Trainee: 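Could you have a look at this structure, given as structure tokens, before my questions?
In this text, all values refer to a predicted model and were calculated from it rather than measured experimentally. Note that these values count all heavy atoms, side chains included, but never hydrogens, waters or copies made by symmetry.
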Amino acid sequence: MGYEYVVVALAAVLAGIGTGLVGLSAATAMVPLMIVLCPTFGGEHGAYMATAIALASDILGSAVTTGVYAKNKKIDLKHGWLIAVCIIGMCTVGSIAAYFTHQTVLGTFSLVLCVAIGIRFLVKPDSKPRPEKDGAAKLSVKEIAVSLFFGLTIGFGTGFFGTGGGMMMLIVFTAMLGYERKTAVGTSTFIMTFTALIASVSHILIEPTIILECWDFLLIAVVTATVFSLVSAKFANKVKGKTVGYVTGAILFVLGLSMLVINHLDAINVGYLLEYLRVLGLYVAYIVVCALIALLIRCTTKVPDYIFRKLLHLVAFSSILPLVFLTDIWWIAVAVEGFFLLAVLVVLQLFEKFAFYKRLFVEKGKHEVIFSFIGLFGLITALIAVFWGIFGAEHLYIAVGAIMAWGPGDAAAAIVGRNLGKHKLQGKLIEGTKSVEGSVGMAITSFVCLLPVLLFMSPMPWYICVAFSLGIAPFASLTELFTKGGWDTVTVPAVSALLLSLAMIWF
């Protein structure tokens with residue numbers, strides 16, 4: 001049982017941080033960890049007992065958090081009193097209903113909620129500042145309707161699921177009642193102090209064994225959550241809201257996803273899981289090694305910015321090769337690419353505003369790197385899913401060929417155009433200034449790189465492979481020439497894949 005104390009303490013630490021940062025209920029972080037990793041909470045009403053302990057931790061945790069936000073004048077009940085009354089009033093009803101609900105329903109909801117909240121904060125880490133409400137103004141009809149509907153539903157959810165309502169209150173206060181984020185957090189933790197008290201008392205009265213058998217877990221959870229709630233609340237009032245949102249989102253997303261996997265491990269084919277982890281590890285290693293080589297070249301030579309951009313393109317488009325050659329299972333390749341795409345998007349958004357990011361990635365427009373990344377890696381994912389997953393492995397050459405028709409040729413167009421381009425191409429359909437030499441260089445390179453893919457991966461005779469490569473290369477070059485806004489990352493592979501699809505009619 002000793003390790004269970006460590007799990008509960010760790011869960012309480014995460015709960016305290018979530019409460020202090022954005023007013024999340026302790027149950028959001030604690031219940032998933034406790035029901036998955038602690039046998040004590042694996043019985044018939046294990047999730048119910050874990051929820052009761054989490055709610056008890058919320059009492060002091062929310063109280064000290066409220067104190068910090070009140071000190072900074074970030075609580076407003078003048079327009080939130082009605083929703084507070086509704087939430088508090090429905091807590092007991094929810095607690096009674098939860099006792100008669102099977103643990104699987106209760107536990108799984110907590111895990112899914114954890115992941116969902118994490119994604120929400122990663123996508124939208126902070127709420128837009130809104131004008132503060134006039135304290136003398138009366139509640140409007142809309143505010144009354146919102147307060148009644150969400151107050152009753154959040155109140156029931158607080159008692160039933162043990163969520164404390166923190167996340168929902170934060171959304172309602174900011175998006176519907178016009179509260180600034182910190183004021184919303186302070187107000188929601190104030191309400192949560194009372195809802196947690198009512199809900200935890202209801203849980204304990206209904207199931208007294210929570211006190212008799214789990215008093216030690218309860219004590220550890222309450223003390224730890226309270227301390228970390230206080231510390232994180234002080235931190236949240238001193239830093240930017242966006243930073244707080246990203247930190248919270250990352251913690252909750254990783255925590256919830258990990259617990260979902262562990263909780264349903266018996267239903268997961270272990271062989272597939274190991275295969276996924278193997279491919280993911282090798283794929284990330286490939287990307288990291290290639291990226292480090294590009295950075296080393298950048299830092300140790302006087303390579304021009306446009307050459308470095310093309311080195312990064314080389315790393316990006318060539319990443320399809322390990323995906324298709326490391327595994328025989330298409331959906332594992334898609335899952336690896338999808339996870340990698342999400343992870344890197346989060347990292348890029350975190351570092352985008354730093355000076356070193358702007359020096360490293362010379363962007364032509366705002367968020368150019370992020371948009372290019374989404375376009376290319378999203379397209380790779382779609383191509384694999386369609387031409388491998390839907391049409392079968394025998395048509396995988398279309399996905400690989402479409403990317404190879406674009407990537408090397410695009411790099412060649414830039415290098416040849418800048419150094420040898422004397423015959424300029426300009427017009428309304430052409431963005432900037434391009435050259436005949438650059439376009440020809442792209443066509444030749446596309447042909448050279450597409451042909452081996454078709455020869456070794458497709459069932460077509462060699463002369464048909466040559467014919468297709470000769471036909472597609474000029475189209476790829478023309479598509480790049482007339483594509484604006486840097487979207488050739490998507491348009492060239494898409495056109496190439498469409499033309500290669502004609503091969504499926506005969507082969």
Trainee: Please name all residues satisfying salt bridge (charged side-chain N to carboxylate O under 4.0 Å, His left out) with E480, sequence neighbours left out, ordered by chain then number.
Mentor: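 Result, salt bridge (charged side-chain N to carboxylate O under 4.0 Å, His left out) vs E480: K434.
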Trainee: Could you give the distance from CG (L450) to OH (Y397), rounded to the nearest 0.5 Å?
Mentor: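 Result: 10.5 Å between the selected atoms.
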Trainee: Identify, with sequence neighbours excluded, every residue that meets side-chain hydrogen bond (donor to acceptor under 3.5 Å, both in side chains) alongside T479.
Mentor: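 Scan of T479 (side-chain hydrogen bond (donor to acceptor under 3.5 Å, both in side chains), adjacent residues dropped) gives none.
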Trainee: Considering residues at least two apart in sequence or located in another chain, which fulfil the side-chain hydrogen bond (donor to acceptor under 3.5 Å, both in side chains) criterion with Y276?
Mentor: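 If we apply the side-chain hydrogen bond (donor to acceptor under 3.5 Å, both in side chains) test to Y276, skipping adjacent residues, there are no hits.
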Trainee: For C449 and V453, work out which heavy atoms get closest and say how close.
Mentor: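 Answer, listing the atom of C449 first, then V453: O-CG2, 3.6 Å.
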Trainee: Could you tell me whether the side chain of S477 and the main chain of A473 form a donor-acceptor pair under 3.5 Å?
Mentor: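 No; judged by distance alone, with no hydrogens or angles, the pair does not exist.
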Trainee: Please find the pair of heavy atoms, one from A476 and one from A405, that lie closest to each other, and give the distance.
Mentor: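 Looking at all heavy atoms of both residues, the closest pair is CB-O, 4.0 Å.
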Trainee: Identify the heavy atoms of Y286 and S319 that sit nearest to each other, and give their distance.
Mentor: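 Nearest heavy atoms, Y286 then S319: CE2-CA, 4.0 Å.
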Trainee: Drop me the distance from L455's CG to I464's CD1, to the nearest 0.5 angstrom.
Mentor: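 Between L455 CG and I464 CD1, I get 11.5 Å after rounding to 0.5 Å.
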Trainee: About how many Å separate CH2 of W462 and CG of L451, when rounded to the nearest 0.5 Å?
Mentor: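 Separation between the atoms: 10.0 Å.
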Trainee: Go through L376 and I380 one step at a time and tell me if the side chain to side chain contact (heavy atoms under 4.5 Å, CB included) criterion holds.
Mentor: CA-CA 6 Å; L376 177 58; I380 290 176; 4.2 Å; yes
Trainee: For T381, which of V386, V334, V336 qualifies under side chain to side chain contact (heavy atoms under 4.5 Å, CB included)?
Mentor: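 Only match with T381 under side chain to side chain contact (heavy atoms under 4.5 Å, CB included): V334.
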Trainee: Heavy atoms only: give me the nearest L383-A497 pair and the separation to one decimal.
Mentor: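 In this case the closest contact between L383 and A497 is CD2-CB, 3.9 Å.
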Trainee: State the OG1-CH2 distance between T483 and W406, to the nearest 0.5 angstrom.
Mentor: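 Reported value, rounded in 0.5 Å steps: 11.5 Å.
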Trainee: Applying side-chain hydrogen bond (donor to acceptor under 3.5 Å, both in side chains), can you list everything that pairs with D328, at least two apart in sequence or on another chain?
Mentor: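 D328 satisfies side-chain hydrogen bond (donor to acceptor under 3.5 Å, both in side chains) with no other residue.
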Trainee: Distance-only, no hydrogens or angles: does the S496 side chain make a donor-acceptor pair with backbone N or O of G401 under 3.5 Å?
Mentor: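 Such a contact is absent between S496 side chain and G401 backbone.
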Trainee: Is a side-chain N or O of T445 found less than 3.5 angstrom from the main chain of M442, in a donor-acceptor match?
Mentor: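 No; zero donor-acceptor contacts below 3.5 Å.
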Trainee: Checking S501 now: which residues fulfil side-chain hydrogen bond (donor to acceptor under 3.5 Å, both in side chains) with it, not counting sequence neighbours?
Mentor: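 None.
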Trainee: For D410, check salt bridge (charged side-chain N to carboxylate O under 4.0 Å, His left out) against everything at least two apart and list the hits.
Mentor: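 Partners of D410 under the salt bridge (charged side-chain N to carboxylate O under 4.0 Å, His left out) test: K310.
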Trainee: Quick one, V288 and L292 - any side-chain contact, counting heavy atoms below 4.5 Å?
Mentor: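 With C-beta onward as the side chain, the pair touches.
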Trainee: Does anything in residues 380-398 form a salt bridge (charged side-chain N to carboxylate O under 4.0 Å, His left out)? List the pairs, not counting sequence neighbours.
Mentor: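 For residues 380-398: none.
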Trainee: Taking all heavy atoms of T491 and all of D488, pick out the closest pair and write down the distance.
Mentor: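 Heavy-atom minimum between the residues: OG1-CA, 3.2 Å.
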Trainee: To the nearest 0.5 angstrom, please state how far the OG atom of S458 sits from the CG atom of L396.
Mentor: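 Between atom OG of S458 and atom CG of L396 there are 11.5 Å.
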Trainee: Starting from the C-alpha separation in whole Å, work towards a yes-or-no answer on side chain to side chain contact (heavy atoms under 4.5 Å, CB included) for V64 and V68.
Mentor: CA-CA 6 Å; V64 297; V68 173; 5.8 Å; no
Trainee: Rounded to the nearest 0.5 Å, what separates atom CZ in F377 from atom CD1 in I287?
Mentor: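 The CD1 atom of I287 is 5.0 Å from CZ of F377, to the nearest 0.5 Å.
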Trainee: Show your working on side chain to side chain contact (heavy atoms under 4.5 Å, CB included) between L500 and F387 and close with a plain yes or no.
Mentor: CA-CA 11 Å; L500 280 170; F387 294 107; over 6 Å; no
Trainee: Is there side-chain contact between T226 and L230, with at least one heavy-atom pair below 4.5 Å?
Mentor: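 In short, these two side chains do not touch, never coming nearer than 4.5 Å.
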Trainee: Mind checking what makes side chain to side chain contact (heavy atoms under 4.5 Å, CB included) contact with V344, not counting sequence neighbours?
Mentor: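 V344 satisfies side chain to side chain contact (heavy atoms under 4.5 Å, CB included) with F340, L348, F373 only.
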Trainee: Tell me every residue that passes salt bridge (charged side-chain N to carboxylate O under 4.0 Å, His left out) with R278, counting only those two or more places apart in sequence or in another chain.
Mentor: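 By the salt bridge (charged side-chain N to carboxylate O under 4.0 Å, His left out) rule, R278 matches E275.
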Trainee: Which atom names give the shortest non-hydrogen contact between A294 and L312, and what distance separates them?
Mentor: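 Heavy atoms only, the tightest pair is CB-CD2, 4.4 Å.
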Trainee: Less than 4.5 Å apart, any side-chain heavy atom of I472 and any of S446?
Mentor: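 No, side chains not in contact.
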Trainee: How would you list, by chain and number, every residue that makes a side chain to side chain contact (heavy atoms under 4.5 Å, CB included) with I220, sequence neighbours excluded?
Mentor: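 If we apply the side chain to side chain contact (heavy atoms under 4.5 Å, CB included) test to I220, skipping adjacent residues, the hits are Y5, V8, A9, T224.
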Trainee: Taking only residues two or more places apart in sequence, or in another chain, which ones meet F317 in a ring-ring contact (aromatic ring centres under 6.0 Å, His included)?
Mentor: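 Scan of F317 (ring-ring contact (aromatic ring centres under 6.0 Å, His included), adjacent residues dropped) gives none.
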Trainee: Are any of the side-chain heavy atoms of W388 and I398 separated by less than 4.5 Å?
Mentor: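 No - every pair of side-chain heavy atoms lies 4.5 Å or more apart.
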Trainee: Can you pull out every side chain to side chain donor-acceptor pair (under 3.5 Å) where at least one residue sits in residues 329-340? Sequence neighbours excluded, please.
Mentor: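 For residues 329-340: Y283-E337.
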Trainee: Begin with the C-alpha distance, continue with both residues' side-chain angles, and end with the deciding distance and a verdict on side chain to side chain contact (heavy atoms under 4.5 Å, CB included) for I297 and F308.
Mentor: CA-CA 8 Å; I297 294 174; F308 178 66; over 6 Å; no
